[in-house]
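For the numbers below, each heavy atom of this structure counts, side chains included, while hydrogens, waters and symmetry mates do not. In listed order, ligands and their atoms are each counted from 1.
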Amino acid sequence: MSISLEKVSYIYEDNSDLKKPALIDVDLEIGEGEFIGIIGHTGSGKSTLIQHLNGLMEPTKGHVYFEGENIHAQDYDIKSLRGQVGLCFQYPEHQLFETTILEDVCFGPMNFGASKEEALQAAKEALRDVGVAEELFEKSPFELSGGQKRRAAIAGILAMKPKYFILDEPTAGLDPEGRVHLLNLLKRLNQEQGITIILVSHSMEDIASYVDRMIVMNRGRLEFDGDREEVFSHQKELEQMGLSVPFFRYLANDLKEKGFPLEGEILTLEDA
Ligand code: ADP
């Protein structure tokens, strides 16, 4: 069970002189249950890449398969794919538009054919999962704090019970506490419910501390793909791409785990 990209290229404005290659020959396989971080400079192709994972964009060249089937084949049920591969854009709370939070979260499941009752049950479950308090369910989205709104918007996708959940910069604009809360929530969804999480972030800190597999995009190419140690072993190349290896927290923690006698508290980048 996986999403796989085979030699995927995408060119914006392909039929004009302004051709803009955004993805070049990307080969990628994402299995169920993984926790993946995608990192790269602005313009490296991250957004274009994730929109290929649920069929929102179609490759200029190459193929995308979901569970072995070509998602752009003529008779493929792309709507069902979008229910299984949830995509959460940046600032998802801007899309909250119903009168109450609960109605908003019901919207997705109902759009995918659930009855009102099934939708309500899925919505309540999702809101509890993301940590929105019961007394807020009937409130207007506008009465919630920024962090709560973000979580409610995320619940709107979770209520569809996706197998894969892609989030574009989910912590953007949140305060440090909201950031940690949200990243922990994603970790929990991955570990307890087995949902595959694909997280796009420009923060090496967030990526390095939470994900099991890192994908580094650079000028439309998938440059590195591996665990933290593998990716950080390319420190020089990463620096050339404007990405820095967050030494204090991660490498120092690794050293400590491996038994090096480091004294006292380990500094975090934020402390430094
Ligand atoms: P990222 O998410 O890493 O910032 P994008 O996937 O948004 O990268 O962009 C990859 C490249 O494609 C960039 O060079 C960007 O300028 C270009 N691009 C993105 N969207 C469009 C568009 N709608 N039209 C033309 N070029 C685009």
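Protein residues are said to neighbour a ligand when one of their heavy atoms lies under 4.0 Å from it; for ligand 1 these are Y12, K20, A22, H41, T42, G43, S44, G45, K46, S47, T48.
Side-chain contact between I154 and F165 is present, with heavy atoms from C-beta onward closer than 4.5 Å.
With no hydrogens or angles considered, a side-chain donor-acceptor pair links E239 and Q235 at under 3.5 Å. One side chain, D129 or Q193, offers a donor N or O that lies under 3.5 Å from an acceptor on the other.
Under the 6.0 Å distance and 45° angle rule, R128 does not count as a cation-pi partner of F137.
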Considering only distance and modelled atom types, tabulate donor-acceptor pairs under 3.5 Å from the side chains of residues 100-114, sequence neighbours left out.
residue: T100; atom: OG1; partner: E103; partner atom: N; Å: 3.1
residue: D104; atom: OD2; partner: F97; partner atom: N; Å: 2.9
residue: D104; atom: OD2; partner: E98; partner atom: N; Å: 2.8

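The one candidate from E67, E32, E34, E29 that meets the side-chain hydrogen bond (donor to acceptor under 3.5 Å, both in side chains) condition with S2 is E29.
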